[in-house]
Amino acid sequence: MRRPSLSAATIALALALSAQQASKPQKPMVVFKATTSIVLVNLSVKDAQGKLVKDLKPGDITIIEDGKPQHIASFDFENVDAPVAPAAEPETAPSGTIVNGTTAKPKPAAAASIAPAAADQYRDRRLIVLYFDLTTMQPEDVQNVMEQAQNYVTKKMQPADLAAIATLGNTLQVNQDFTADKDALMRTLRALNPATSTGFGDGGTGSTDGTADDGSTFAADDTEFNIANADRSLESLQSICDMLGGIQQKKSLMYFSSGIQRSGVDNEITLRSAVNSCVKANASIYSIDAQGLQALPPGGNATSGSVRGSGAFNGGAQSSAQDSQFSQQETISTLATDTGGKAFLDSNDFTPAYTKVQQDTSSYYLIGYSSANLRKDGKYRHISVKFNRAGLTAVNPRPGYYAGKDIDHLTTADRQQQLQDELNSDVSDHSLDLYLADGYLRLDKNRYYVPVSVTLPGSEIPLHGVNPKATPEVDIAGEVLDQTGRQLDHVGQTIRLTPAIAGPGQQLQNKNLQYNTGFLLAPGQKYQLRFAARENQTGRMGAFEAVLIIPDLTANETKAPHILTTSSILVGSQLNPVRPESQNPLTASGNALVMNVNHVFTSSQHLYVYYEVYDPKITTGNDGIKLLTNVAFFRGKQKAFESRLLTTEQLTDPSRHAAVIQIDIPLAQLKPGYYMCQVNAVDDAAGKFAFPRVPILIRPTPAAASVAGTAKNPLQ
């Protein structure tokens, strides 16, 4: 849902001190910083006779990065060939077994994601991922690879092997997490139906010469389609490797496909990203061409019509077919070579691929070193291995890796992607505090305006970063999702904290930076609000997620006719002059309420309570009503304060059938403490009532606090 009529979000600097600042003066914070960069290297070593060496010590190896020796922080030997204790009996007996007179049902295969585990869970185990790219394979190719995969499980799988199964069809799926249960693996493989896996064939390039004659006179140019297909396959490999990144041991990713057709340099960035992710995850790709050995007759095979044009006679069609096959195989060969694996091409027997994976991971050293280069510049760093014992050779060592990037080396696209990753992360970064408040105001029966305020403590935003002359910046991104997880809307903005906004000197340290925006949503549903923020001096990030349920006020009125229909209760201590916006009811009066996110106030402030009453009974022909409202404050069960009664006799916004109520309460007449603020609203003409409540906390005004009041929005 887009909001073209809504204006850009606004930023306000709240004059109210935070609760921590109000309670006591801030003291200089002592900060301890530690930076560690650990790089893992999986290494198999052979002697002069070609035998695996299993008795190396840390002093026998020197790891060199960009020509400089590195300090080895961890040294571990993974002996996969060692005897493995038998796996525990499955909880569910095999299919067909009679247990207590009942036929046991097969145990369902686990399907979720490749999950990280405890450090010792995968020790001395061979980790193999069988990954089937169904979008590139035809049904006969799928049938062949599935049969040979089943043959591996039943005949070639070793006791030390843990296998996982993943597929790419309409979506990327992990059909089976790592397991040694052969029955579970066989059930998963049999469930993959080749008949439903018709691969996406490469589209045409707009030329009919050299293409099969299908009776048409027009050949579509599907170049963009081909680029998207190649990117999809490469991005799925990157996603698989990202899942494997939480496992320290060496992983073997057996990639079954019919090749990936790249289009010049358009897919090069995606290819490099996939390789980098797999190298970082210590995962080697073993590419298997599912097409097997192919014959390429000059005029095409019997599955298609004769070749059009002169290509069939001058060798052009034959050359084009060979070039296409070479290009497809070259991409999957690059994936294998650059990740320390191997490509298996032009063979109908995939057994050597399984054998090679088992041989390469029979035993290896897992070495971790602390890189002496602490720069986060994103550059490639070469790794080499030097042995202090004669006659030793490294087998498929990790050639290098790309360093991480700090905020100063991120491109604009990298920064946007980082915020999006933070929004989508299951475990958010909390190095930057972030708070959120929301509400709902009815526009009509099917549309509600949802104001959202996101607050960052100004004390957490450094005024100067690496570059003292740079203006402090904060990037904010947010999105709203429906119950199915589909994104309905999103916002994003970079806030430059110029002196006009942040104020001179250290004023920002005593304020809160508040970002205000809004969404148009439908009632009667549950939504997820996700926001992430990053300050661009140190790159610290924070995220906040909230669940918003918008009631269907029309339906509620039918169920409870005696209840007065109201909006959510919004509270704040600041009003900002704004231009009225048709889609934002808060701006109708020209002074918009700045929502207080944490409901914490000081005694010197004013409390503005904003709410709306919908569909009060009309008593006269000129939208006359009789609405009685006030606000009461309770401490426990005792009423501590009650405002004077306010009588509203006219609809404030007839187009929305709404009476807008805003009550100003000086908090100096209340003692500091925790209160329950209750709104009393009675429609005297209809005999309806409502008593919604919101909690607030009032703190004493510190001696050094600024005088509360209204502040103009510097962006308006």
Side-chain angles (χ1 to χ4, degrees), residues 80 84 86-87 89-90 92-97 104-112 114 125-169 172-199 236 240 251-259 284-293 332 336 341-362:
V80 180
V84 178
E89 292 294 328
T92 305
S95 178
T97 303
K105 297 181 180 180
K107 184 173 64 176
I114 299 176
R125 305 305 292 266
R126 182 180 290 110
L127 304 178
I128 302 174
V129 180
L130 306 179
Y131 177 42
F132 305 99
D133 189 348
L134 303 179
T135 64
T136 66
M137 293 189 283
Q138 299 302 319
E140 59 272 14
D141 299 334
V142 179
Q143 183 68 36
N144 186 24
V145 298
M146 293 302 169
E147 289 177 354
Q148 298 202 42
Q150 293 175 26
N151 182 68
Y152 155 73
V153 172
T154 56
K155 299 179 181 180
K156 302 292 184 181
M157 191 170 177
Q158 300 297 316
D161 291 0
L162 293 178
I165 299 174
T167 57
L168 176 64
L172 176 62
Q173 293 185 347
V174 177
N175 306 81
Q176 174 63 56
D177 202 349
F178 284 116
T179 182
D181 188 345
K182 295 185 178 182
D183 291 336
L185 293 170
M186 289 297 292
R187 285 194 296 269
T188 303
L189 290 171
R190 294 192 186 105
L192 301 176
N193 184 4
T196 62
S197 305
T198 55
S236 68
I240 291 289
K251 284 79 63 177
S252 300
L253 176 58
M254 301 189 69
Y255 177 50
F256 297 89
S257 76
S258 294
S284 297
I285 297 178
Y286 292 80
S287 302
I288 298 95
D289 186 359
Q291 298 177 100
L293 184 62
I332 61 177
K342 185 177 180 180
F344 295 85
L345 313 171
D346 300 326
S347 175
N348 296 324
D349 183 10
F350 304 147
T351 303
Y354 293 101
T355 303
K356 178 64 174 174
V357 168
Q358 291 176 328
Q359 290 177 348
D360 287 352
T361 54
S362 59

**Student:** Kindly give the heavy-atom pair with the smallest separation between D289 and G259, and that separation in Å.
**Tutor:** OD1-N, 4.4 Å
**Student:** Once rounded to the nearest 0.5 Å, what's the spacing between atom OG1 of T361 and atom CZ of R126?
**Tutor:** 4.0 Å
**Student:** Answer whether the closest heavy-atom distance between the side chains of K356 and F344 falls below 4.5 Å.
**Tutor:** yes
**Student:** Evaluate the side-chain hydrogen bond (donor to acceptor under 3.5 Å, both in side chains) criterion for residues N144 and E140: first the C-alpha distance (whole Å), next the side-chain angles of each, then the deciding distance (0.1 Å), finally the verdict.
**Tutor:** CA-CA 6 Å; N144 186 24; E140 59 272 14; over 6 Å; no
**Student:** Would you give the length of the straight line joining atom CD1 of I288 to atom NZ of K342, rounded to the nearest 0.5 angstrom?
**Tutor:** 11.5 Å
**Student:** Let me see the working for K251 and V129 under side-chain contact (heavy atoms from CB on, under 4.5 Å), right down to the final yes or no.
**Tutor:** CA-CA 8 Å; K251 284 79 63 177; V129 180; 5.6 Å; no
**Student:** Are the side chains of T351 and Y152 in touch, meaning some heavy atoms are under 4.5 Å apart?
**Tutor:**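 A side-chain contact is absent here, since even the closest heavy-atom pair is not under 4.5 Å.
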**Student:** Could you pull out the closest heavy-atom pair between I240 and A166, with the gap in Å?
**Tutor:**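 For I240 and A166, the tightest heavy-atom pair comes out as CD1-CB, 3.8 Å.
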**Student:** Compare all side-chain heavy atoms of N151 with those of Y354 and state whether any distance is below 4.5 angstrom.
**Tutor:** no
**Student:** Using only atom types and a distance under 3.5 Å, with no angle test, would you say the side chain of Q148 pairs donor to acceptor with the backbone of M146?
**Tutor:** no
**Student:** Mind listing the closest non-hydrogen atom pair of S258 and A290 along with its distance?
**Tutor:**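 In this case the closest contact between S258 and A290 is OG-CB, 4.0 Å.
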**Student:** Any heavy-atom pair between the side chains of M254 and I128 that's under 4.5 Å?
**Tutor:**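 Sidechains of M254 and I128: in contact.
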**Student:** Shortest non-hydrogen contact from M157 to A180?
**Tutor:**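 Result for this residue pair: CE-CA, 4.0 Å.
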**Student:** Starting at CG of L189, measure out to CZ of F132 and round the result to the nearest 0.5 Å.
**Tutor:** 5.5 Å
**Student:** Check step by step if side-chain hydrogen bond (donor to acceptor under 3.5 Å, both in side chains) holds for Q358 and D161.
**Tutor:** CA-CA 8 Å; Q358 291 176 328; D161 291 0; 3.0 Å; yes
**Student:** Can you tell me how far apart CG (L134) and CG (D141) are? Round to the nearest 0.5 Å.
**Tutor:** 11.0 Å
**Student:** Taking all atoms of both residues into account, what is the closest heavy-atom pair of A160 and R125, and its distance?
**Tutor:** O-NE, 3.3 Å
**Student:** When T167 is tested against each of V142, T188, D133, L192 for side chain to side chain contact (heavy atoms under 4.5 Å, CB included), which residue passes?
**Tutor:** L192
**Student:** Is there a side-chain contact between Q150 and R190 in this structure, where contact means two heavy atoms from C-beta onward sitting under 4.5 Å apart?
**Tutor:** yes
**Student:** Calculate, to the nearest 0.5 Å, the distance between atoms CG and CD1 belonging to L185 and I165 respectively.
**Tutor:**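 L185 atom CG to I165 atom CD1 measures 5.0 Å (nearest 0.5 Å).
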**Student:** Grab the two heavy atoms, one from K156 and one from Q158, that are nearest each other, plus how far apart they are.
**Tutor:**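 K156 and Q158 have their closest heavy atoms at O-NE2, 3.2 Å.
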**Student:** With rounding to the nearest 0.5 angstrom, report the CZ to CD1 distance, F256 to I332.
**Tutor:** 11.5 Å
